[in-house]
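Below: the structure, in structure tokens.
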Amino acid sequence: MIGQQIFNGLTLGMCYALLAVGYSLVFGILRLVNFSHGSIYAFGAHTALLLVSMNLGIVPAVLLSLVFTGLLGVLIDKTALEPLRKKNSIPIASLITTIGISNIIQNLLTVFFGSEKKAFPALFNFGVISIGNIQITWTQICICIVSLGLMLLLVLVVKKTKIGLAMRGCEQNPKAANLMGVNVNFVISFTFFLGGVSAAIAGALISGYYQIVYPNMGYMAGLKAFAAAVLGGIGSIPGALVGGLLVGVSESMAATFLGSTYRDCMAFVILIIVLIVRPNGLFGKKGITKV
Amino acid sequence: MNGKERKENKSQSVKKNFVYYIEYNVNLYKVPLAILCGVLLLVFPKIISDRYILTISVKIGIYIMLALGLNILVGYTGLVSLGHAGFVAIGAYTASLLATKLGFGFFLSILVGMVVAALAGLLLGLPTLRLSGTYLSIVTLGFGEIVKTIAMNWDSVTNGTLGVKNIPSPKLFGIKLTIANHGLYYLMLAMLLIVTVFCYLVYKSRTGRAFLAIKTDEMAGTMMGINVTYYKVLAFVLSAVISAVAGALYATLIGYIDPNTFTFDVSTLILSIVILGGMGTIRGMFVGALILISFPEVSRSLMDYRFVVYGLILILMMRFRPQGLLGWRSQIPYRLSKNVKKQLEIDANQYQESSSL
């Protein structure tokens with residue numbers, strides 16, 4: 001029973017980690033909490049559903065939805081956030097802007113798709129493996145593999161490629177990076193593209209797992225993933241993974257032992273406890289305050 | 001100089017200080033404007049006695065109070081809270097549970113609600129002192145969600161997801177204050193007046209300047225001898241108490257609350273009002289609440305698109321006027337220079353007087 005719950009929690013945690021990476025990437029560079037990330041995730045799931053229903057085949061449909069969602073991320077950055085950066089406005093202005101964007105995306109989804117829950121085709125439906133009395137579906141295994149692979153890919157992009165170097169440069173000091181010939185605006189747009197893609201992957205995987213899509217799906221998942229990102233130390237990819245897993249496992253444990261209604265606040269309870277002990281998250285770097 | 005002369009001199013200087021105070025703080029053209037607004041607000045229900053419009057206006061008043069409360073945190077002290085719905089829920093639940101289950105009167109239950117919210121503010125304020133910026137926001141967000149979950153799960157007290165029903169209307173001298181006899185409207189007006197005056201006094205006081213100092217530069221504030229811990233927790237407590245009052249009023253207005261009344265959306269709505277109106281101003285809260293609360297009602301004809309438009313308003317606002325409708329871009333130097341100038345002049349006067357002794 002406990003082993004089963006732990007594995008379910010791990011699967012759930014992988015999904016949160018995928019969403020949390022999107023928050024971490026954007027926060028690392030812009031120091032901005034992107035509250036529209038949950039809606040981008042819902043958008044990704046809905047585009048995937050739309051494209052699947054157009055009989056493209058599941059794999060091309062999901063890949064196309066990744067591109068569309070990534071482009072949505074770029075669009076958000078270009079239309080709403082870049083002008084704010086140019087004007088050097090207060091950080092809270094960007095925060096409110098992302099809340100507004102989230103409102104727009106969510107309600108447009110409701111207008112076009114309807115607010116009811118829609119069925120999503122199952123991905124990777126190859127059956128069940130039993131180890132002892134633990135039942136593991138292939139869907140769960142594939143979710144773990146895909147999200148681990150994606151995390152690895154993202155770490156490689158950030159650590160090994162030239163654009164990753166530029167990203168790290170912008171993270172440390174955008175002005176200095178600009179002086180070194182880095183196109184900061186392009187790097188930020190690229191980050192938003194990556195964030196959108198990872199949100200769409202999470203959208204497709206999670207909707208494939210639960211086989212359900214609806215416009216408000218990003219709301220709670222987004223908040224929890226954000227909590228996971230902060231828990232791990234926002235801005236770090238391994239931190240997002242560990243934070244996501246912690247949140248996922250604790251949630252499925254809470255659902256078993258405390259009753260399913262308590263699961264929604266587990267993420268925040270753990271978060272507050274951890275932040276009191278380690279104010280910068282588990283993997284966070286300690287900020288230096290200059291006077 | 002003998003004692004009598006000195007006394008006379010002192011009374012003269014008090015007089016002088018008073019004249020200075022009037023000159024620098026009260027703009028006389030504002031007085032008729034304020035009287036006009038007051039009279040308009042008082043006769044409003046006599047002119048338009050439509051039940052629906054009155055309900056909306058009470059709701060607007062409640063959100064003005066909420067925004068004023070959050071303004072102490074965000075506007076004065078610079079601590080961004082994303083979980084204010086938690087305090088609202090605490091106030092609303094405490095007051096309505098006491099009223100329905102134990103038969104407390106409205107005013108007594110509001111008092112208890114204020115105390116409970118103050119304790120919650122203390123509880124949230126203390127651990128969050130170590131945190132700053134985003135980390136603080138996310139902890140307050142978590143606080144809001146936790147309060148919601150507790151309200152949802154503590155069945156024996158809060159009725160769980162069913163919520164609290166049949167919350168009685170407040171009674172004053174044996175008369176039930178409802179929307180129909182305009183009592184609730186005047187109650188809201190009186191409470192709003194108290195909250196507004198309170199916020200104004202806080203802003204003008206030593207405490208308000210300490211808040212401003214923490215917002216501008218926490219470290220410099222510490223160097224100037226401001227007890228940052230004390231003032232940050234104080235900001236949390238004051239904000240929580242005002243939110244609780246508004247929450248209790250909201251519960252009696254609607255007559256029914258459940259955990260889903262107090263979601264993250266409510267927190268962001270209050271924050272949007274504060275920022276749209278202009279952080280740190282009091283007038284701004286009135287304008288912001290008037291726009292954002294009445295907008296969904298006015299724009300019913302837009303159907304499903306109205307929240308899209310709402311989002312667009314937020315974005316365009318931030319794009320073209322990020323300091324808010326009634327905010328100043330460089331508010332702090334403006335305010336301080338005026339105050340400091342006045343203070344310097346008074347000090348110089350006093351110095352001259354004392355040196356001539």
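Below, chains carry the letters A, B, ... as their sequence lines are ordered, and counting in each starts from 1. Here the structure is a predicted model, which is why all the values come from computation and not from measurement. All values below were derived from every heavy atom in this structure, side-chain atoms included, with hydrogens, water molecules and symmetry-related copies excluded.
- The distance from the CE atom of A/Met220 to the CD atom of B/Glu145 is 4.0 Å, given to the nearest 0.5 Å.
- To the nearest 0.5 Å, atom CG of residue B/Leu141 and atom CZ of residue A/Phe35 are 5.5 Å apart.
- Of the atoms belonging to A/Leu95, it is side-chain heavy atoms, and not backbone ones, that fall under 4.5 Å from chain B.
- Among residues 96-103 of chain A, the residues having any heavy atom closer than 4.5 Å to a heavy atom of chain B are, in sequence order, A/Ile96, A/Thr97, A/Ile99, A/Gly100, A/Ile101, A/Asn103.
- Considering all non-hydrogen atoms of both residues, B/Gly142 and A/Ile272 come closest at C-CD1, 4.4 Å.
- Nearest heavy atom pair, residue A/Pro83 against residue B/Arg319, reads CB-NE, 3.1 Å.
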| request: Could you please spell out the steps behind the side-chain contact (heavy atoms from CB on, under 4.5 Å) verdict for A/Val230 and B/Val139? | output: CA-CA 10 Å; A/Val230 176; B/Val139 166; over 6 Å; no
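- Two residues are said to be in side-chain contact when any heavy atoms from C-beta on lie closer than 4.5 Å; B/Tyr310 and A/Asn107 fail this criterion.
- Looking at A/Val33, only its side chain comes within 4.5 Å of chain B, counting heavy atoms on both sides.
- When heavy atoms are compared at a cutoff of 4.5 Å, A/Leu108 approaches chain B by way of both its backbone and its side chain.
- Heavy-atom distances place the side chain of B/Val74, and not its backbone, under 4.5 Å from chain A.
- Of all residues in residues 240-248 of chain A, none places a non-hydrogen atom less than 4.5 angstrom from a non-hydrogen atom of chain B.
- Ranked by heavy-atom pairs shorter than 4.5 Å toward chain A, the options B/Asp217, B/Ile138, B/Ile275, B/Leu82 are led by B/Ile138.
- By the 6.0 Å contact criterion, CD on A/Glu116 is enclosed, its count of non-hydrogen atoms from other residues, nucleotides or ligands being greater than 12.
- Looking only at side-chain heavy atoms (C-beta outward), A/Lys87 and B/Met318 stay at 4.5 Å or farther from each other.
- If you measure heavy-atom distances from B/Val80 to chain A, the contacts under 4.5 Å come from the side chain alone.
- Counting heavy atoms of neighbouring residues, nucleotides and ligands inside a 6.0 Å radius, atom CZ of A/Phe68 does not exceed 12 of them.
- Between A/Tyr219 and B/Phe264, some side-chain heavy-atom pair lies under the 4.5 Å cut-off.
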